[in-house]
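This report refers to the structure that appears directly beneath it.
What you are looking at is a predicted structure, and each value in this text was computed from that prediction instead of being measured.
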Amino acid sequence: MSSNVVEGCVRNAITGVPRILIPVFVLLIMAGCSGNAPQASTTPSPNILPTREPSPTPLPDQSAFRAAWEAGPHAHTYDLGKGPNTYCSRCHSPQNWDPASAVDLPPNCVTCKFPTDPELRIATTMDFVEEQDWVGIDCATCHEMERGVALPGFAWLNTVTGQYEVVNTPDELCAKCHLTTAGVSASGGRGVTHAIDARGSAHANWAGEWPQADRPQYWTDCHEPHSTEPLQCLDCHPGIPSSTTHTFGLNASMLDKVECMACHDASGMEVGPSPDPEQNGVFVTLVSSVGRDGQKSTSFSYSHTIQWQVACDRCHFAGNEWELPVLSAAGQPVTEE
């Protein structure tokens with residue numbers, strides 16, 4: 001309010017008021033006049049838009065990766081017969097791992113359930129993990145996470161420190177669990193069926209005609225990393241059925257009888273008809289083991305050690321149980337004496 005308006009308001013109000021009371025009246029009148037002053041409008045100008053919060057960045061859709069993971073073995077690691085404890089979980093469920101766990105003395109060894117056991121065996125050197133507390137091999141095992149989303153690239157969650165370790169290649173990541181027989185003692189050491197030995201592989205060592213850019217370098221070149229589904233030999237070698245590189249008309253005529261790795265395996269695995277009825281007796285690489293119930297079992301297993309040259313007498317030896325013709329290593333007929 002302007003000073004002239006206030007002065008006029010006061011002058012009009014004190015007319016006829018005794019002089020001694022004028023100071024008091026002046027204060028009261030000025031307060032009243034101020035109360036009649038127009039108030040500033042709180043309505044925003046129509047030309048000024050209200051401030052809006054920025055829209056959050058939408059999370060990437062990783063449902064396809066999760067579906068592939070769900071279809072693979074890494075999503076289903078809880079099994080009473082395969083170590084639901086704080087020792088075996090080093091690989092089966094790293095976030096449940098206790099580094100202080102160790103193998104107990106027989107007959108308990110580890111906390112699990114043998115096929116012949118009526119009840120779960122409980123070792124004194126490790127804890128049992130209930131299924132609802134089991135984490136498994138989830139996204140956070142191999143990827144740093146943010147808002148429930150796996151960040152690009154891969155890393156290994158060190159559950160001892162709670163920090164991620166940098167791994168330089170997919171093979172380094174896979175080897176955290178898929179150790180060779182020279183692996184660390186904390187994994188259980190030797191004889192695990194999930195060990196992978198790619199040493200000596202023709203894929204790893206070939207430096208001749210095969211272009212280096214086309215040569216698979218890492219396990220993830222041959223395995224889908226989330227489902228672990230492997231490529232087949234013909235996926236990368238489509239010309240084999242029509243090639244002339246194989247002797248005595250193998251190629252297409254034999255591919256329904258012999259799986260490629262049955263001949264090209266360099267690891268020394270057993271070879272024989274597949275125990276899987278769906279494979280119709282095709283010769284494959286096999287692994288035999290004696291289970292904890294004392295029973296021997298033989299199952300198909302992919303070899304990861306590949307050789308270019310083959311030895312036909314690996315199966316075509318004298319007196320073979322499949323009654324195959326006897327051949328030399330080079331595939332020439334041999335007359336039995």
Is any side-chain heavy atom of Thr77 less than 4.5 Å from a side-chain heavy atom of Pro73? no
Output yes when a side-chain donor or acceptor of Asp117 lies under 3.5 Å from a complementary backbone atom of Leu120, and no otherwise. no
Counting distance only, does the side-chain N/O of His223 pair as donor-acceptor with the main-chain N or O of Thr228 below 3.5 Å? yes
Just by modelled atom types, is the Ser303 backbone N or O under 3.5 Å from a matching donor or acceptor in the Ser267 side chain? no
side-chain contact (heavy atoms from CB on, under 4.5 Å) between Asp138 and Gln95, intermediate numbers included: CA-CA 9 Å; Asp138 64 350; Gln95 295 181 59; 3.2 Å; yes
What are the two closest non-hydrogen atoms of Cys109 and Ala123, and how far apart are they? O-CB, 4.1 Å
With a 6.0 Å cut-off (strictly less than), is the heavy-atom count around CD of Glu323, excluding the residue itself, greater than 12? no
Can you list everything that forms a side-chain contact (heavy atoms from CB on, under 4.5 Å) with Asn96? Sequence neighbours excluded, please. Ser89, Ser93, Val129, Trp134, Val135
Would you check if there is a donor-acceptor pair between the side chains of Asp61 and Ser63 at a distance under 3.5 Å? yes
When you look at Tyr87 and Trp97, which way does the ring-ring contact (aromatic ring centres under 6.0 Å, His included) test go after all the steps? CA-CA 6 Å; Tyr87 174 74; Trp97 180 45; 8.8 Å; no
Pairing of Asp104 and Arg121 as salt bridge, 4.0 angstrom limit: no
Is Asp313 reaching over with its side chain to a backbone N or O of His316, donor-acceptor style, under 3.5 angstrom? no
So if you build clusters from Ile, Leu, Val, Met, Phe, Trp, Tyr with side-chain heavy-atom gaps below 4.5 Å, do Met145 and Val149 land together? no
CE of Met261 to CD of Glu259: how many Å apart, nearest 0.5 Å? 7.0 Å
Validation row: Asp265, Arg314 side chains within 4.5 angstrom (heavy atoms): yes
ring-ring contact (aromatic ring centres under 6.0 Å, His included) evaluation trace for His143 with Phe154: CA-CA 5 Å; His143 301 279; Phe154 42 81; 7.4 Å; no
One should read off an interatomic distance between Thr124 OG1 and Leu105 CG, to the nearest 0.5 angstrom, of 7.5 Å
Single-linkage hydrophobic cluster, 4.5 Å side-chain cutoff, Trp322 and Val271 together: yes
Any donor-acceptor pair under 3.5 Å from Tyr78 side chain to Gly136 backbone: no
NE2-NE2 distance between His76 and His92, expressed to the nearest 0.5 angstrom: 14.5 Å
Can you confirm whether Arg66 is buried at CZ, in the sense that more than 12 heavy atoms of other residues, nucleotides or ligands lie under 6.0 Å from that atom? no
Test Ser274 against Asp276 for side chain to side chain donor-acceptor pair (under 3.5 Å), laying out the working first. CA-CA 5 Å; Ser274 172; Asp276 184 353; 5.2 Å; no
Return the NE2 to SG distance between His74 and Cys91, rounded to the nearest 0.5 Å. 9.5 Å
Flag side-chain contact, heavy atom, 4.5 Å: Thr125 against Ser101: no
If you group Ile, Leu, Val, Met, Phe, Trp and Tyr whenever their side-chain heavy atoms sit less than 4.5 Å apart, what else falls in with Phe300? Val282, Val284, Leu286, Tyr302
Closest non-hydrogen atoms of Asn158 and Val160, given as atom of the first, atom of the second and distance, are OD1-N, 2.9 Å
Contact between Pro84 and Glu131 at the side-chain level, heavy atoms closer than 4.5 Å - yes or no? no
Output yes when a side-chain donor or acceptor of Ser227 lies under 3.5 Å from a complementary backbone atom of Ala68, and no otherwise. no
Taking the side chain as every heavy atom from C-beta outward, state whether Pro94 and Leu157 have any atom pair closer than 4.5 Å. no
Can you tell me if Glu146 uses its side chain to pair, donor with acceptor, with the backbone of Leu151 under 3.5 Å? no
Straight-line distance of Thr86 OG1 to Asp127 CG, nearest 0.5 Å: 4.5 Å
Can you tell if the side chain of Val110 reaches within under 4.5 Å of the side chain of Met126, non-hydrogen atoms only? yes
Heavy-atom check, side chain of Lys113 versus side chain of Glu119, under 4.5 Å: no
Cys315 vs Asn320 side-chain heavy atoms within contact, under 4.5 Å: no
Drop me the distance from Cys139's SG to Glu144's CD, to the nearest 0.5 angstrom. 13.5 Å
Evaluate the criterion side chain to side chain donor-acceptor pair (under 3.5 Å) for residue pair Thr285 and Ser301; output intermediate values, then yes/no. CA-CA 6 Å; Thr285 42; Ser301 178; over 6 Å; no
For Ile137, is there any backbone N or O sitting under 3.5 Å from a side-chain donor or acceptor partner on Trp69? yes
Are the side chain of Asp79 and the backbone of Gly81 linked by a donor-acceptor contact shorter than 3.5 Å? yes
What pairs meet the salt bridge (charged side-chain N to carboxylate O under 4.0 Å, His left out) rule with one or both residues in residues 161-174, with sequence neighbours excluded? Glu165-Lys176
Just by distance, do the side chain of Glu130 and the backbone of Gln132 share a donor-acceptor pair under 3.5 Å? no
